[in-house]
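Here is the structure we will look at, set down as structure tokens.
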There are 2 protein chains.
Amino acid sequence: MEYKIKSRIWIESNENVLLGEGRVHLLKAIQKTGSLSKAAKSLHISYKKAWQLLDSVNKSAKKPVTINSIGGKGGGGAELTDYGKSLVKAFDEINRNCWAFLDNELKKIESI
Amino acid sequence: MEYKIKSRIWIESNENVLLGEGRVHLLKAIQKTGSLSKAAKSLHISYKKAWQLLDSVNKSAKKPVTINSIGGKGGGGAELTDYGKSLVKAFDEINRNCWAFLDNELKKIESI
DNA sequence: ATTCGCTATATTTGTTAGGATATAACGAAA
DNA sequence: TTTCGTTATATCCTAACAAATATAGCGAAT
């Protein structure tokens with residue numbers, strides 16, 4: 001019976017959430033599928049929820065994270081900007097580093 | 001307009017949550033007031049919620065975190081064990097260290 | 001002009017977590 | 001043996017949140 005340490009990190013921009021684990025999952029799914037509705041399906045969340053998340057991301061970011069197009073060939077779609085891709089990559093890296101850091105810190109409790 | 005990084009950490013013991021920020025707040029309030037009901041009032045949460053949290057803490061921990069007494073002088077009360085005090089102290093320290101670590105990591109995003 | 005699949009919203013329906021409330025049990029002290 | 005303020009627990013109720021549903025609007029291609 002061992003203790004485990006878990007964490008959730010997120011990034012805020014003037015009191016609004018920019019990125020968290022759920023948002024990063026969504027961005028990755030958009031990158032993979034090329035559309036917001038397909039991304040929502042693949043994550044088993046409603047389109048409404050996905051749209052609200054993405055809207056919030058784009059409103060909080062300093063620069064656009066996705067380009068969304070309505071109508072046209074295939075009805076439209078959504079894709080990550082270079083900035084969006086960089087954000088996702090950086091978030092993942094920070095998250096992994098944080099896990100490693102905390103696993104090490106946990107020893108303080110196990111030794112009690 | 002700057003980005004900020006936030007985090008929540010918690011400690012689990014075989015799939016059950018042992019400690020998180022809310023539970024640590026509660027334990028500190030118990031330490032200060034000497035009773036679960038007074039602690040609940042001071043945190044503006046219901047007694048029910050406080051009791052459920054504390055029950056869960058004690059069920060997940062390897063050793064008792066509080067000693068609760070029913071009846072007797074003053075009706076009873078609750079107090080932290082030495083183990084409980086150590087857990088609270090260690091959790092706070094890990095949490096502070098995590099914040100500092102993440103603040104430093106955030107620079108990776110600000111430089112994008 | 002019509003079709004298509006998407007983005008973008010509003011509205012309605014369901015579900016669940018928590019609050020409010022009530023009450024039993026307890027044991028020391030007077 | 002009565003009083004007291006707790007811990008401990010059950011039941012009901014409501015309000016916040018999420019899911020489901022519906023629908024408008026778009027623009028390229030045929």
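In what follows, chains are A, B, ... by sequence order, proteins preceding strands, each numbered from 1.
Using a 4.0 Å heavy-atom criterion, one finds that A:Lys48 contacts the bases of the nucleic acid, with or without backbone contacts as well.
Using a 4.0 Å cut-off, no side-chain N or O of B:Ser46 falls inside it from OP1 or OP2 of C:dG18. For B:Trp51, a side-chain nitrogen or oxygen approaches OP1 or OP2 of D:dA8 to under 4.0 Å. Proximity of A:Asn68 to the phosphate of C:dA8: a side-chain N or O atom is located under 4.0 Å from OP1 or OP2. For C:dA29, the OP1/OP2 oxygens have no side-chain nitrogen or oxygen of B:Lys73 closer than 4.0 Å. Residue B:Ser69 has no polar side-chain atom (N or O) positioned under 4.0 Å from OP1 or OP2 of D:dT7.
Side-chain contact check for A:Thr66 and A:Asn58: at least one donor-acceptor pair (N or O, by modelled atom type) lies under 3.5 Å.
Going from atom CD of B:Gln52 over to atom P of D:dT9 covers 11 Å, rounded to whole Å. Here the C1' atom of nucleotide C:dA24 and the OH atom of B:Tyr47 are 12 Å apart, to the nearest Å. The separation between B:Lys41 atom NZ and C:dA20 atom P is 12 Å, rounded to whole Å. Atoms NZ (B:Lys49) and P (C:dA17) sit 11 Å apart, rounded to a whole Å. Between B:Leu43 atom CG and C:dG19 atom P the separation is 12 Å, expressed in whole Å.
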Checklist entry - Are B:Asp92 and B:Arg96 close enough, and set up right, to give a salt bridge (Lys or Arg N to Asp or Glu O under 4.0 Å), and what steps lead you there? => result CA-CA 6 Å; B:Asp92 271 351; B:Arg96 277 197 310 274; 5.0 Å; no
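For the pair A:Leu54 and A:Gly75, both in contact range of DNA chain C, the more 5′-proximal nearest nucleotide belongs to A:Gly75. Residue B:Gly34 is the one, among A:Ile70 and B:Gly34, whose nearest nucleotide of DNA chain D lies closer to the 5' end (criterion: closest heavy atom).
One finds no salt bridge joining B:Glu110 and B:Lys107 here, because no Lys/Arg side-chain nitrogen approaches an Asp/Glu carboxylate oxygen to under 4.0 Å.
If you check D:dT6, C:dT7, C:dG19 against the side chain of B:Ser35, the one that comes closest is D:dT6. Here the nucleotide nearest the side chain of B:Leu36, chosen from D:dT7, C:dG19, D:dT6, is D:dT7.
Interatomic distance, NZ of A:Lys49 versus CG of A:Leu43, reported as 11.0 Å (0.5 Å rounding).
B:Tyr47 has its side chain out of reach of B:Lys41: every pair of non-hydrogen atoms, C-beta onward, lies at least 4.5 Å apart.
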